Amino acid sequence: MTAPASLLDRLDAGPVICAEGFLFELERRGYLTAGEFVPEVALEYPEALRTLHVDFQRAGSDIVEAFTYNGHREKMRVIGKEHLLEPLNRAALQIAKEVADSRPGDFMAGNISNTNIWDPADTAKQTEVRSMFEEMVGWAVEEGADLIIGETFYYAGEALTALEIAKASGLPVVLTLAPMAFEEMADGLDVVETAQRLEQAGADVVGLNCFRGPQTMLPWLKQIREKVSCHVAGLPVPYRTTAEEPTFFNLSDVRASVPSPHGRTFPTALDPLFTNRYEIGTFAQDAYALGINYLGVCCGASPMHIRQVAEAVGLTTEASRFSERMENHFMYGSNERLPENIVALGARA
């Protein structure tokens, strides 16, 4: 019996798709509180999380990433539920493992991410972060993870710490950065240099995820691809970030007739600022042409976005059965059975 291909074998052979962005999608579906963004859904509504994983899988995601983002000890303390930390992590990992195992060849990934308490000048905080990573990686290994994803790091020091602990598991590690609008890591290191350091420290895949949409992520990915020899990951948010507003934290919407009560579009009033699916598809094509084989979409992603990424790089997914066939649209189609008088309305509608 042939052993299943490893993550690196798959990446060497072509594109691998990874869906992220569970926070936003589950909040939209009514299973998660905006602002807190804690993944209690794994315990409270496990079927909702399982369904989302399956939807992303059908859309083309080869990696089922356990939904433990913000499921760390400090975040659970903020909401007064630290006692649920281990049950939440194990439940999320078990659900992801079940979905991944349902389709031969898929991977289940454990997940660690920015803790929001890292302080380059506070060794006690750094020790606390290290401890949080160690327990989460430990649970991921025990629950059968195939790889560890460390993501959304805006401090270089925290990213390197996450990598060290993830590598100790013996599993492949994907490590992605999320630079903010000041165009460097929050501790002052250059973004590309940080990616190089991660490669040198043993990351199997380095790159960027979250915060930035296609327009402001791709230039950084191009630089990283030119400076590292390992595989590179690109997972933007599906929002129209620009040079003037490079992350979704600072996007404005001057046309909003009712602004958000907290005064920012992020995170609950970003809807009018979505990219369309074709923009996401073009990003995937452009990134793939640069030699970036690990592709996906982060916060704001729906299964439609993931399908678009997969199809843009030449893959056919289970959900491709339902890809658009505009030739059959009642006003904009070309099917010979469409009445001419109805099709003619398309120019006036």
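Source: prediction; values computed, not measured. Side-chain atoms are counted along with the backbone in the values below, which use heavy atoms only and exclude waters and symmetry mates.
A salt bridge links D204 and K167; the closest N-O separation between the charged side-chain nitrogens and carboxylate oxygens is under 4.0 Å. In summary, K227 and D190 do not engage in a salt bridge, as defined by a charged side-chain N under 4.0 Å from a carboxylate O. In summary, R73 and E128 do not engage in a salt bridge, as defined by a charged side-chain N under 4.0 Å from a carboxylate O.
Atom CD of Q308 is separated from atom OH of Y278 by 6.5 Å, given to the nearest 0.5 angstrom. The CG atom of L52 lies 11.5 Å from the CD atom of Q57; values are rounded to the nearest 0.5 Å. L11 contributes atom CG, which lies 8.5 Å from atom OG of S6 (distance to the nearest 0.5 angstrom). A distance of 5.5 Å separates CD in E27 from CZ in F37, rounded to the nearest 0.5 Å. Taking CG from L177 and CD from E151, the interatomic distance works out to 11.0 Å, rounded to the nearest 0.5 Å. To the nearest 0.5 Å, atom CD1 of residue I112 and atom CZ of residue F133 are 5.0 Å apart.
V232 and V174 fall into different hydrophobic clusters, where Ile, Leu, Val, Met, Phe, Trp and Tyr side chains are chained together by heavy-atom contacts under 4.5 Å. Grouping the Ile, Leu, Val, Met, Phe, Trp and Tyr side chains by contacts below 4.5 angstrom, directly or via other members, places F182 with I224. Grouping the Ile, Leu, Val, Met, Phe, Trp and Tyr side chains by contacts below 4.5 angstrom, directly or via other members, places M304 apart from L273. In the hydrophobic cluster analysis, where Ile, Leu, Val, Met, Phe, Trp and Tyr join through side-chain heavy atoms closer than 4.5 angstrom, V297 is grouped apart from I149. No single ILVMFWY cluster, assembled from side-chain heavy atoms under 4.5 Å apart, contains both V141 and F107.
For the side-chain contact (heavy atoms from CB on, under 4.5 Å) test with Y239, the passing option among T216, T247, L270 is L270; the others fail.
Summarising the geometry of L93 relative to G110, their closest heavy-atom pair is CD2-CA, 4.0 Å, with the distance given to 0.1 Å. Minimum heavy-atom separation, A34 to T268: CB-CG2, 3.6 Å. In plain terms, the two heavy atoms of E184 and L189 that are nearest each other are CB-O, 3.6 Å. Nearest approach of L175 to A203, heavy atoms of both residues: CB-CB, 4.4 Å. Between H262 and F266, the closest heavy-atom pair is NE2-O, 3.2 Å. Across all non-hydrogen atoms, the minimal contact from L88 to A42 is O-CB, 4.0 Å.
Judged purely by atom type and a 3.5 angstrom limit, K125 has no side-chain atom pairing as donor or acceptor with the backbone of P120. R240 places no side-chain N or O within donor-acceptor distance of the main-chain N or O of G213, the cut-off being under 3.5 Å. Without hydrogens or angle criteria, E279 side chain to N276 main chain gives a donor-acceptor distance under 3.5 Å. In this structure a side-chain-to-backbone donor-acceptor pair under 3.5 Å is missing from S252 to V254. Using modelled atom types, no side-chain atom of N89 and backbone atom of M136 make a donor-acceptor pair closer than 3.5 Å. Checked by atom type and distance alone, the side chain of D253 never pairs as donor or acceptor with a backbone atom of A269 at under 3.5 Å. At least one donor-acceptor pair closer than 3.5 Å links the side chain of R212 to the backbone N or O of M180. At least one donor-acceptor pair closer than 3.5 Å links the side chain of R225 to the backbone N or O of V228. Of the possible polar contacts, none joining the E25 side chain to the G300 backbone as a donor-acceptor pair under 3.5 Å is found. Looking at E20, its side chain never comes within 3.5 Å of a backbone N or O of G296 through a donor-acceptor pair.
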Checklist entry - Can you list the steps and then say if F153 with L163 is a side-chain contact (heavy atoms from CB on, under 4.5 Å)? => result CA-CA 11 Å; F153 290 105; L163 173 61; over 6 Å; no
Next on the checklist: side-chain contact (heavy atoms from CB on, under 4.5 Å) for V78 and E74? Distances and angles first, verdict last.
Outcome noted: CA-CA 6 Å; V78 168; E74 178 59 27; 4.1 Å; yes
Checklist entry - Does the pair T161 and Q126 meet the rule for a side-chain contact (heavy atoms from CB on, under 4.5 Å), with working shown? => result CA-CA 9 Å; T161 298; Q126 294 172 22; over 6 Å; no
Checklist entry - Stepwise, does the side-chain contact (heavy atoms from CB on, under 4.5 Å) test hold for M185 with E193? => result CA-CA 10 Å; M185 304 306 291; E193 180 186 348; over 6 Å; no
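For the 3.5 Å distance criterion, the side chains of E158 and N114 fail to qualify, holding no donor opposite an acceptor. A donor-acceptor pair shorter than 3.5 Å can be found between the side chains of S323 and E311.
Contact annotation: the side chain of L7 never approaches that of H231 to less than 4.5 Å [non-hydrogen atoms, C-beta and beyond]. Taking 4.5 Å as the limit, some side-chain heavy atom of R58 sits within range of a side-chain heavy atom of V54. Using a 4.5 Å cut-off on side-chain heavy atoms (C-beta onward), N111 and F67 make no contact. Residues V192 and E226 are not in side-chain contact: their nearest non-hydrogen atoms beyond the backbone lie 4.5 Å or more apart. Contact annotation: the side chain of C299 never approaches that of T152 to less than 4.5 Å [non-hydrogen atoms, C-beta and beyond]. Side-chain atoms of L160 and L198, non-hydrogen and from C-beta on, do get closer than 4.5 Å to each other. Between F211 and T241 there is no side-chain heavy-atom pair separated by less than 4.5 Å. The side-chain heavy atoms of I17 and V313, taken from C-beta on, include a pair separated by under 4.5 Å.
In this structure, F274 places its CZ atom where more than 12 heavy-atom neighbours from other residues, nucleotides or ligands lie under 6.0 Å away. More than 12 non-hydrogen atoms from other residues, nucleotides or ligands lie less than 6.0 angstrom from CZ of R90.
For H53 and F22, the ring centers are positioned less than 6.0 Å apart.
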